[in-house]
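What follows is one structure encoded as structure tokens, with my remarks underneath.
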There are 2 protein chains.
Amino acid sequence: MTKSAPRTRIQEKNRSTILEAGLDVFSQFGFRGSTVDQIAEAAGLSKPNLLYYFPSKEAIYLELLNSLLDTWLDPLRALNDDGKALPEILDYVRRKLAMARDFPRESRLFAGEILQGAPRIEDALKGDLKTLVDEKAEVIRHWIAAGKIKEVDPYHLIFSIWALTQHYADFDTQVRAVLGGQDPFPGAEHYLEQLFTSLLKP
Amino acid sequence: MTKSAPRTRIQEKNRSTILEAGLDVFSQFGFRGSTVDQIAEAAGLSKPNLLYYFPSKEAIYLELLNSLLDTWLDPLRALNDDGKALPEILDYVRRKLAMARDFPRESRLFAGEILQGAPRIEDALKGDLKTLVDEKAEVIRHWIAAGKIKEVDPYHLIFSIWALTQHYADFDTQVRAVLGGQDPFPGAEHYLEQLFTSLLKP
DNA sequence: GCTTGATTTGACCAAGTGGTCAAAGGCACG
DNA sequence: CGTGCCTTTGACCACTTGGTCAAATCAAGC
């Protein structure tokens, strides 16, 4: 299952340059809206040279999508039964909001893919993602049963965290237009803490 | 500014057929991902025939976008100082969620446009939309000052309503994958009522 | 049936697209 | 230096795409 690793120093460099450029372009224009020339230009390579490192436009896109899927779910994986319930959830919200702030391109790439029906990651959604969410929903249910947080639907709780945090990356243009260009994140963090605290504090 | 109205019965019918087909296709594949042939096929017309009613692919897209922008904000316009604060806001949430359920294509069309930086509606966002939101934020501030709801940032409150409701349309694929195909809307409505009630009830 | 304007279409085109290929350049190592 | 391999590129190709156009068809009033 492991991709044959790049051999030379230069391969490693060029492959990562291409992926970086691909993320830039794909996140802005979507898969069909992006052209190989655009990506090549952004990467500072000629088109045939780019296609020397990746067999096709789709291969770049897929590699981005799959490697992202992993890291994107890390904050949720870190949600553990260990600590206290509410702080644990608030931490998750903060981590997720930080990702929206620091990795908006990644967020948008995903959003675009899912918006179009997630044709390339349907399996991952119904498989790994569902499994992970089911597992964490169970953790939340325990917290509720133990009276540590108020009773809410665990699935919709998770959806709401995703929706609220990713909104600031995916709809950044709209948010900033309404706020007159002001940075939304400090306000967002405070608001979300308030929101989930009042929702969950027993 | 008014578009020259269609004259004959058949023009009216064909134009609306095309817009309907355009909504179908554009909402699924985005502007660049959609082809004129696709839209023509969906409308049951030949490509040159379609281009007899609209001058270009972009014209269809723009007409959809602009006419949508209007109706899409109606629920927010209906938010009035009249009634009691909390029920008024909960009504807004319910109306917005109903739109996500009943008009997911419209929601996705917008989401796609904004995701790509809203190049075609930037002015509307910074103009009409900002004005409307500023106005309603003021209403919310009055409610807070009068002690009718808890103190929250009015802008982020509005963003959160948008994010939470539209998520169920825009990320439908993901939501249903995680829920195993189950209809998310009944659960969502209950959860959102609970969420905003606990956030806002004084 | 005839005329006139609205409607429809097959054939076509120029530009853009993803991708190929043979040949040329570069580079490390004997 | 020379040899073998990695890297880069200009030229090219098949196909798709948005859009045009002249000619054909249709519909309604006379």
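Note that the structure is a prediction, hence the values are computed from the model and not measured. Residue numbers start from 1 in every chain, and the chains themselves are labelled A, B, ... in the order their sequence lines are given, proteins ahead of strands.
- For B:K57 and D:dT17, the NZ to P distance is 9 Å, given to the nearest whole Å.
- Counting any heavy atom pair closer than 4.0 Å across all strands shown, A:Y53 reaches sugar-phosphate atoms only and no base atom.
- In this structure, B:E58 atom CD and D:dT17 atom P are separated by 18 Å, rounded to whole Å.
- Residue A:Q11 places none of its side-chain N or O atoms closer than 4.0 Å to OP1 or OP2 of D:dC6.
- Listed in residue order, the members of residues 35-47 of chain A having a heavy atom less than 4.0 Å from DNA chain C are A:T35, A:V36, A:K47.
- Distance CD (B:E12) to P (C:dT7): 12 Å, rounded to an integer number of Å.
- Under a 4.0 Å N-O distance rule, the pair A:E41/A:K47 does not qualify as a salt bridge.
- Across every non-hydrogen atom of B:R95 and B:P75, the tightest pair is NH2-O, 3.3 Å.
- Residues B:K57 and B:S34 come closest through the heavy atom pair NZ-O, 2.6 Å.
- Near DNA chain C, meaning a heavy atom under 4.0 Å away, there are no residues from residues 26-33 of chain A.
- Here the straight-line distance linking atom CE of B:M99 with atom CG of B:D74 works out to 7.0 Å at 0.5 Å rounding.
- For the pair B:R105 and B:F26, the cation-pi criterion (under 6.0 Å, within 45° of the ring axis) is not fulfilled.
- Using a 4.0 Å cut-off, no side-chain N or O of A:N49 falls inside it from OP1 or OP2 of D:dT7.
- For A:L51, the side-chain atoms get nearest to C:dG19 when compared with the rest of D:dG19, C:dG10, C:dG19.
- To the nearest angstrom, P of C:dT7 lies 11 Å from CD1 of B:I18.
- Contact annotation: B:N14 side-chain N/O to C:dA6 OP1/OP2 distance is not under 4.0 Å.
- Among all heavy-atom pairs drawn from B:A21 and B:I39, the shortest one is CB-O, 3.7 Å.
- Here A:H156 and B:Y168 bring their ring centres to under 6.0 angstrom of each other.
- Between the side chain of B:K136 and the backbone N or O of B:R77, at least one donor-acceptor pair lies under 3.5 Å.
- Atom CZ in B:R15 sits roughly 14 Å away from atom P in C:dT8 (whole-Å rounding).
- Within the 4.0 Å cut-off from OP1 or OP2 of D:dT8, not a single side-chain nitrogen or oxygen of A:Y52 is found.
- Separating the CD1 atom in B:I114 from the CG atom in A:D170 is a distance of 10.5 Å, to the nearest 0.5 Å.
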